[in-house]
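Here's the structure, in structure tokens; my notes come after.
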Amino acid sequence: MLVETKSEANHYDWRRRLGEMEVPESISSNEVLNRCLAILVRGGSVSEDDGMMLMQENSLSALSSLADMIKRSHYGDDVFYNENLHVNTTNICVLACRFCAFRKGVNHPDAYALSPSDFVDRIEPFSNTIDEVHSVGGLHPKWKVEDYEELFSAIKDAYPHIHIKSLTAIEIIHVARRSGITVEAALKILSRAGLGSIPGGGAEILVDSVRDRICRGKESSDEYLEVHATAHELGIPTNCTMLFGTVETAEDRIRHLTRLREQQDRSGGFQCFVPYPFLSDSSRLPEAQLASPSEVIRMIAVSRIILDNIPHIKAYRMNLGNHLASLCLNAGADDIDGTVSHEEIMHEAGSSTRLDTSTEELARLIASSGARAVKRDSVYSEFRSHDMAAARSMELPVLESRG
């Protein structure tokens with residue numbers, strides 16, 4: 001059962017609250033963790049050198065405790081989710097990133113490209129239960145900005161209440177170039193058609209030497225950040241991501257985080273950071289180093305500590321799976337994404353996360369970590385808490401009188 005609640009705690013005052021919290025002995029007795037805590041309380045940011053020490057910290061539990069303190073200083077016991085649907089526009093792509101299991105060539109028998117009416121039809125069965133459609137896809141060789149303008153307009157005409165979160169940076173660059181216009185002009189057209197926010201995929205690792213090995217031909221690190229900066233200037237909020245566990249080093253990961261933090265200082269429009277590990281099979285990127293579950297938890301925790309100016313950290317359960325995602329909720333993550341209902345990119349790559357998780361099940365998953373489930377909208381401006389006690393009482397069977 002959902003009940004109206006006030007918006008998220010005033011996380012802008014989180015540093016004061018962090019300084020007032022009781023510090024576990026595992027943190028106060030640890031030189032690096034205690035120093036990072038003091039830096040954050042004083043209003044500073046953790047350096048790349050300290051970030052590297054966090055990556056090497058022996059005690060994962062102590063590291064997670066610090067990240068959890070920071071999360072709680074922002075949002076208390078609240079963990080956020082939404083009711084959304086993933087629909088991919090096309091799996092046809094002119095690129096061939098080495099890590100991608102989703103991409104198909106034009107002549108592949110499984111290649112597809114949805115028309116606006118096909119896309120709207122995919123939404124219809126879920127239209128009464130979702131308030132967001134999340135959509136990314138390949139770089140179709142023929143599509144221009146007008147194709148996405150028509151798509152977004154069709155979605156909004158059919159379902160004006162549904163927020164459109166769509167397009168990666170490279171998709172925006174691709175359609176802008178094919179249309180002979182700037183990224184800014186493309187974003188203005190798409191925003192007028194209904195684009196509400198940008199999901200942030202495609203960041204991979206913001207170190208060009210790594211990108212050259214795993215996604216040659218994709219946008220550069222600077223171009224990724226420039227697209228997001230342009231969106232922020234236009235008032236379009238975005239998420240940002242990291243794909244780790246391919247060929248990058250720990251130093252590359254820390255540099256990625258600090259580049260995002262520096263961009264947030266400049267443009268201020270990142271609302272959530274979503275780190276997720278590469279899901280491998282034997283045929284793609286065989287030299288990938290692959291991340292263990294403990295490494296995933298470490299990456300979530302380090303992200304929360306370093307990204308002091310990005311409000312939310314997401315444990316993306318479509319990639320991590322429900323169990324690992326729930327563990328990450330005690331290591332700095334405050335968001336677990338949504339009901340999703342349909343997802344292709346992570347499942348093509350090997351994810352086995354269920355796609356039929358109900359809102360009630362998602363709320364129970366959050367509650368299993370000791371948190372309070374709070375339904376949010378796409379831009380973290382409206383919130384309703386999930387009353388687990390009321391939900392349970394509603395599920396009790398009623399015996400009919402036989403008298």
Side-chain angles (χ1 to χ4, degrees), residues 7-8 11 80 82 84-89 119 130-137 139 143-157 159-179 181-203 206 218-242 259-274 307 309-314 316 335 337-338 376-382:
S7 65
E8 59 195 327
H11 69 89
F80 304 100
N82 70 334
N84 61 347
L85 172 70
H86 286 217
V87 182
N88 301 107
T89 50
F119 197 106
I130 65 167
D131 54 25
E132 173 191 289
V133 62
H134 175 131
S135 181
V136 297
L139 308 185
W143 287 359
K144 297 182 179 181
V145 70
E146 292 84 359
D147 295 283
Y148 289 94
E149 181 182 22
E150 182 183 358
L151 170 63
F152 296 161
S153 296
I155 296 169
K156 281 298 186 181
D157 286 346
Y159 306 112
H161 70 286
I162 292 180
H163 177 100
I164 301 173
K165 181 166 74 174
S166 184
L167 299 176
T168 61
I170 189 59
E171 287 179 272
I172 295 166
I173 291 171
H174 176 71
V175 298
R177 286 175 179 168
R178 279 201 43 77
S179 305
I181 59 177
T182 64
V183 164
E184 180 180 7
L187 284 172
K188 286 180 177 178
I189 292 169
L190 296 172
S191 178
R192 287 195 296 268
L195 177 67
S197 62
I198 295 171
L206 294 175
K218 213 168 187 179
E219 82 275 34
S220 68
S221 301
D222 286 346
E223 287 173 325
Y224 175 91
L225 294 172
E226 287 165 5
V227 169
H228 285 266
T230 301
H232 298 168
E233 290 167 5
L234 296 174
I236 303 171
T238 77
N239 291 348
C240 49
T241 61
M242 174 199 282
R259 292 207 70 184
L260 291 174
R261 187 175 67 193
E262 290 162 0
Q263 183 59 57
Q264 182 75 338
D265 281 339
R266 291 190 292 269
S267 58
F270 289 130
Q271 57 182 5
C272 184
F273 175 62
V274 192
L307 296 177
N309 58 358
I310 295 181
H312 299 278
I313 305 292
K314 182 180 293 186
Y316 183 42
D335 194 297
D337 199 56
R376 60 169 176 82
D377 65 357
S378 299
V379 293
Y380 297 89
S381 64
E382 295 180 4

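Quick note: numbers below take in every heavy atom, side chains included, and nothing from hydrogens, waters or symmetry partners.
- A donor and an acceptor atom, one from each side chain of E132 and S378, are located under 3.5 Å apart.
- To the nearest 0.5 Å, atoms CD1 (I172) and OG1 (T230) are separated by 9.0 Å.
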* To do: Might you work through the side-chain contact (heavy atoms from CB on, under 4.5 Å) test for E233 and S267, ending with a clear yes or no?
  => CA-CA 7 Å; E233 290 167 5; S267 58; 5.6 Å; no
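- Residues R261 and I310 are not in side-chain contact: their nearest non-hydrogen atoms beyond the backbone lie 4.5 Å or more apart.
- Here the shortest heavy-atom pairing between E219 and A169 reads OE2-CB, 3.6 Å.
- Q264 and N309 are not linked by any side-chain donor-acceptor pair at a separation below 3.5 angstrom, with hydrogens and angles left out of the test.
- Note: F80 and H312 meet the aromatic proximity criterion, with ring centroids under 6.0 Å apart.
- For the residue pair Q263 and R266, a side-chain donor N or O sits within less than 3.5 Å of a side-chain acceptor on the partner.
- With hydrogens and angles disregarded, no donor-acceptor distance shorter than 3.5 Å links the side chain of E150 to the backbone of D147.
- A heavy-atom distance below 4.5 Å is found between the side chains of M242 and F273.
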* To do: Before giving the answer on side-chain contact (heavy atoms from CB on, under 4.5 Å), spell out for Y159 and I164 the whole-Å C-alpha distance, their side-chain angles and the decisive distance to 0.1 Å.
  => CA-CA 10 Å; Y159 306 112; I164 301 173; over 6 Å; no
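- Counting only distance, with no hydrogens or angles, the side chain of S179 and the backbone of V145 share a donor-acceptor pair below 3.5 Å.
- Note: I173 CD1 to L139 CG = 9.5 Å, rounded to the nearest 0.5 Å.
- Taking 4.5 Å as the limit, some side-chain heavy atom of Y148 sits within range of a side-chain heavy atom of L167.
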* Would you check, one step at a time, whether the test side-chain contact (heavy atoms from CB on, under 4.5 Å) holds for L234 with K188? => CA-CA 8 Å; L234 296 174; K188 286 180 177 178; 3.7 Å; yes
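- Under 3.5 Å, the side chains of H134 and S166 contain no donor-acceptor pair of N or O atoms.
- To the nearest 0.5 Å, the span separating CG on N84 from NE2 on H163 amounts to 10.5 Å.
- Counting all heavy atoms, side chain and backbone alike, G201 lies closest to T241 at CA-OG1, 3.7 Å.
- Using a 4.5 Å heavy-atom threshold, the side chains of I162 and D131 count as separate.
- In plain terms, the two heavy atoms of Y224 and C240 that are nearest each other are OH-CA, 3.6 Å.
- K144 NZ to E149 CD: the interatomic distance, rounded to the nearest 0.5 Å, is 13.5 Å.
- Contact detail for C272 and K314: the closest heavy-atom pair is SG-CB, 3.6 Å.
- With hydrogens and angles left out, the side-chain atoms of D335 and Y380 include a donor and acceptor closer than 3.5 Å.
- Side-chain contact between H228 and I198: present, with at least one pair of heavy atoms (C-beta onward) separated by less than 4.5 Å.
- The structure places NZ of K218 at 7.5 Å from CD1 of I170, a figure rounded to the nearest 0.5 Å.
- The two residues N239 and P199 make their nearest non-hydrogen contact at CB-O, 3.0 Å.
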* Might you work through the side-chain contact (heavy atoms from CB on, under 4.5 Å) test for F270 and L260, ending with a clear yes or no? => CA-CA 9 Å; F270 289 130; L260 291 174; 4.1 Å; yes
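- Between R177 and E223 there is a salt bridge, since a side-chain N of the basic residue sits under 4.0 Å from a carboxylate O of the acidic one.
- At least one side-chain heavy atom of V379 sits less than 4.5 Å from a side-chain heavy atom of D377.
- Checked for salt-bridge contact, D222 and R259 meet the test: a charged N lies under 4.0 Å from a carboxylate O.
- Interatomic distance, CD of E184 versus OG of S191, reported as 11.5 Å (0.5 Å rounding).
- Taking each heavy atom of G196 and P237 in turn, the nearest pair found is O-CD, 3.5 Å.
- Defined by atom type and a distance below 3.5 Å, a donor-acceptor pair is present between the side-chain atoms of T238 and H232.
- With contacts defined as side-chain heavy-atom distances shorter than 4.5 Å, the pair R178/V175 does not qualify.
- The shortest distance between side-chain heavy atoms of I181 and I189 falls below 4.5 Å.
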